[in-house]
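On a predicted model such as this, the values are computed, not experimentally measured, just so you know.
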Amino acid sequence: LFPYTTLFRSKFNIGHETTSNTLKKVKFLVKLQRVWLAQLPLLWYYNIRSEDMQTFCQIPQRPFAYLVLHWPLMNRAYLFQSRGHKRRGKYIKTISVMGVLFMNKVYTLHDAVAKFVESGDCICFGGFTTNRKPYAAVGEILRQGQTDFTVWAGPAGGDWDMMIGEGRVKAYINCYTANSGYTNVSRRFRAAIEKGELTYEDYSQDVLMLQLHAASLGLPFLPVRLMQGSGLMKYWGISEEQRKTLEKVDDLKCVEIDNPFKPGEKVVAVPVPKLDTAIIHVQKASPDGTCIIEGDEFHDVDVAVAARKVIVTCEELVSDEYIRRDPTLTRIFGECVSAVVHCPYGAWPSQCYNYYDNDSHALKEYDKASKYQDAEDAKAQLAKAAAKAEKVAAAKPDDAKLAEAAVKAKKAAEDAAAGVAIPETFKDYLEKWVYSVKDNEELLDKVGGSRLMRLKNEPHLGYSTRH
């Protein structure tokens, strides 16, 4: 328990002096040991009772491990963290070792989601359609069951399409949702709107991205010139009356106001998100939460600053010393981050710049499967398609291709109705890739190492030629 004994023996030459001097030094060591022992209850209390983070050397719930290595003094650092419309303080557990402050925010994905993602949160995911989307965290949320989210989605993709398909979204504020290059409009998102099942508001992409930036600045609202003269001003997806019943949705979508600096000129005032939670996938992060983002940042930095709880999943967990080698590479300040999760391939099946390309096979599979919510929906849609094909063929009886298509559509509908050949559905896809695995590591085992290696970027090109 007393690792500095050898140090003090060397410093004070114990064993090489007179007996009286040696006894003085021994008495000093005894007093020092008493100080250490007096800290033990405090160290144990802070390690076990703290609800802020696991500390030191990534050794969770091992309160004596660092005693063997260091002579620590526990401190509590008061850190200010932006929470959208106002700033609040938060106590963070830290360790001071010989005057140096250490923080460790490393969690397992399960624990990070369980602690920092709550039902009813106003939430945002990082990334852009098929770029650096936090799919591993999405899968964990689906498995754990959090729901009723108010969503500021940014340019979304299959991540939020899956959440919508599973009925986890209470209100959805977005500019567009698509797996670019694979699905022009995400299918579960589109189906929910067409059926009137999704409370949805639409902003132009430029305005929505500026709203997220304004949230990082702590602004109460944002004046813009964009959207003026368009239908986005006139048509509201969520009515003013309905907005008053939604706790985390602003009472107004937008309003024209006078420019106080130029009388007679009108500008559009739009609300600023008040984010509870943000989840971002990055290339590298250190235990204290400092992040390196390679390639386009999208809106990730803004939501990391704006949200009061931030989970970062990363391809590589690097040391704080690695981060300090080149501070110009860092994009997200550690004090913005609540939890860091080491999660290789955490963006699969989307791409992660400089690491791996998108998995075109998985995205195509999802495109086809998400056409149908479940088996009953598949039967109904195939029957409807068969009737439509038959009607079109009857209108042009001389067209052999239309007649052949009608026969195929009828056969597909009959096979589905009989249960002989039902196509893969959205529910089947989630069961296969989300619910049948306990965590992301098991998912990667299921995907397979050779398939994942084919996605790896080729350094001379910057993308994979085998994906």
Pair Lys170 + Glu247, salt bridge at N-O below 4.0 Å: no
Check ion pair Lys133-Asp159 (N to O, under 4.0 angstrom): yes
Gap between atom SG of Cys352 and atom CD of Gln283 - 0.5 Å precision: 4.0 Å
Heavy-atom closest contact (Asn440 atom, Cys343 atom, distance): ND2-SG, 3.5 Å
Salt bridge present between Lys274 and Asp250 (N-O < 4.0 angstrom): yes
Residues which pass side chain to side chain contact (heavy atoms under 4.5 Å, CB included) with Asn184, listed by chain and number, not counting sequence neighbours: none
Residue pair Trp236 / Asp202, side-chain heavy-atom distance below 4.5 Å: no
Lys427 side chain near Gln373 side chain, heavy-atom distance below 4.5 Å: yes
Asp367 bridged to Arg187 by N-O distance under 4.0 Å: yes
Sidechain-backbone polar pair: Thr290 side chain, Ser286 backbone, donor-acceptor under 3.5 Å: no
From CA spacing to verdict: side-chain contact (heavy atoms from CB on, under 4.5 Å), Ile141, Phe149: CA-CA 11 Å; Ile141 293 171; Phe149 295 116; 4.0 Å; yes
Under-4.0 Å salt bridge between Asp300 and Arg132: yes
Pairs where residues 271-314 contributes a residue and the test ring-ring contact (aromatic ring centres under 6.0 Å, His included) is met, not counting sequence neighbours: Phe128-Phe298
More than 12 heavy atoms from other groups under 6.0 Å of OH on Tyr355: yes
Close side-chain approach of Val305 to Val310, heavy-atom, < 4.5 Å: no
Minimal non-hydrogen separation, Leu208 against Cys175, with atom names: CD1-N, 3.8 Å
Nearest heavy atoms of Lys284 and Val318, plus distance in Å: CD-CG1, 4.2 Å
Pair Ser436-Lys446, side-chain donor/acceptor within less than 3.5 Å: yes
Polar side-chain atom of Lys105 near backbone of Gly334 as donor-acceptor pair, under 3.5 Å: yes
Which atom of Val249 lies closest to which atom of Arg243, heavy atoms considered: CG1-NH1, 3.5 Å
Criterion side-chain hydrogen bond (donor to acceptor under 3.5 Å, both in side chains) on Asn358 and Ser350, from CA distance to verdict: CA-CA 4 Å; Asn358 53 44; Ser350 68; over 6 Å; no
Pairing residues for Thr177 by the side chain to side chain contact (heavy atoms under 4.5 Å, CB included) criterion, not counting sequence neighbours: Ala156, Tyr172, Asn174, Ser186, Phe189
From OG1 (Thr313) to OH (Tyr107), nearest 0.5 Å: 15.5 Å
Between OG1 on residue Thr277 and CD on residue Gln146, distance to nearest 0.5 Å: 9.5 Å
Pairs touching residues 205-221 that satisfy salt bridge (Lys or Arg N to Asp or Glu O under 4.0 Å), sequence neighbours left out: none
Phe221 and its side-chain contact (heavy atoms from CB on, under 4.5 Å) partner, picked from Ile257, Val255, Leu252: Ile257
Over-ring placement of Lys368 relative to Tyr182, 6.0 Å and 45° cut-offs: no
OG-CE distance between Ser464 and Met453, expressed to the nearest 0.5 angstrom: 10.0 Å
Main-chain N/O of Gly237 paired to Glu201 side chain as donor or acceptor, under 3.5 Å: yes
Contact check, side chains of Val151 and Ile173, non-hydrogen atoms, under 4.5 Å: no
Atom of Ile311, atom of Ala112 and distance for their closest heavy-atom approach: CD1-O, 3.5 Å
Heavy-atom check, side chain of Leu142 versus side chain of Tyr435, under 4.5 Å: yes
Set of residues satisfying side chain to side chain contact (heavy atoms under 4.5 Å, CB included) with respect to Leu329, sequence neighbours excluded: Ile292, Asp326
Side chains of Asn131 and Tyr353 in contact at under 4.5 Å (non-hydrogen atoms): no
CA sep, side-chain torsions, deciding dist, call: Thr465, Glu458, side-chain hydrogen bond (donor to acceptor under 3.5 Å, both in side chains): CA-CA 8 Å; Thr465 58; Glu458 297 173 24; 2.5 Å; yes
Where Lys309 and Glu118 come nearest, the two heavy atoms and their spacing: NZ-OE2, 2.7 Å
Any side-chain donor near an acceptor of the partner, Ser119 and Asp148, under 3.5 Å: no
Heavy atoms of other groups near Arg190 CZ, more than 12 under 6.0 Å: no
Straight-line distance of Tyr429 OH to Met162 CE, nearest 0.5 Å: 6.5 Å
Nearest-0.5 Å distance, CD1 of residue Ile293 to OG1 of residue Thr330: 10.0 Å
Intermediate values then yes/no, side-chain hydrogen bond (donor to acceptor under 3.5 Å, both in side chains), Thr130 and Asn179: CA-CA 6 Å; Thr130 57; Asn179 277 342; over 6 Å; no
Trp160-Trp152 aromatic ring centre distance below 6.0 Å: no
Ring centres under 6.0 angstrom apart (Tyr356, Tyr345): yes
Non-hydrogen side-chain atoms of Leu317 and Val340 separated by less than 4.5 Å: yes
Atom CD of Glu441 with >12 non-hydrogen neighbours under 6.0 angstrom: no
Side chain proximity check, Asp359 to Trp348, heavy atoms < 4.5 angstrom: yes
Derivation of the salt bridge (Lys or Arg N to Asp or Glu O under 4.0 Å) call for Asp276 and Lys248: CA-CA 10 Å; Asp276 295 312; Lys248 296 193 175 182; 2.5 Å; yes
Qualifying residues under side chain to side chain contact (heavy atoms under 4.5 Å, CB included), relative to Glu256, sequence neighbours excluded: Gln228, Met233, Lys266, Val268
Donor-acceptor under 3.5 Å (Asn104 side chain, Val106 main chain): yes
salt_bridge(Asp357, Arg466) N-O dist < 4.0 Å: no
Intermediate values then yes/no, salt bridge (Lys or Arg N to Asp or Glu O under 4.0 Å), Glu294 and Arg331: CA-CA 9 Å; Glu294 300 176 18; Arg331 293 295 177 267; over 6 Å; no
Salt-bridge present (Glu166, Arg188; N to O < 4.0 Å): no
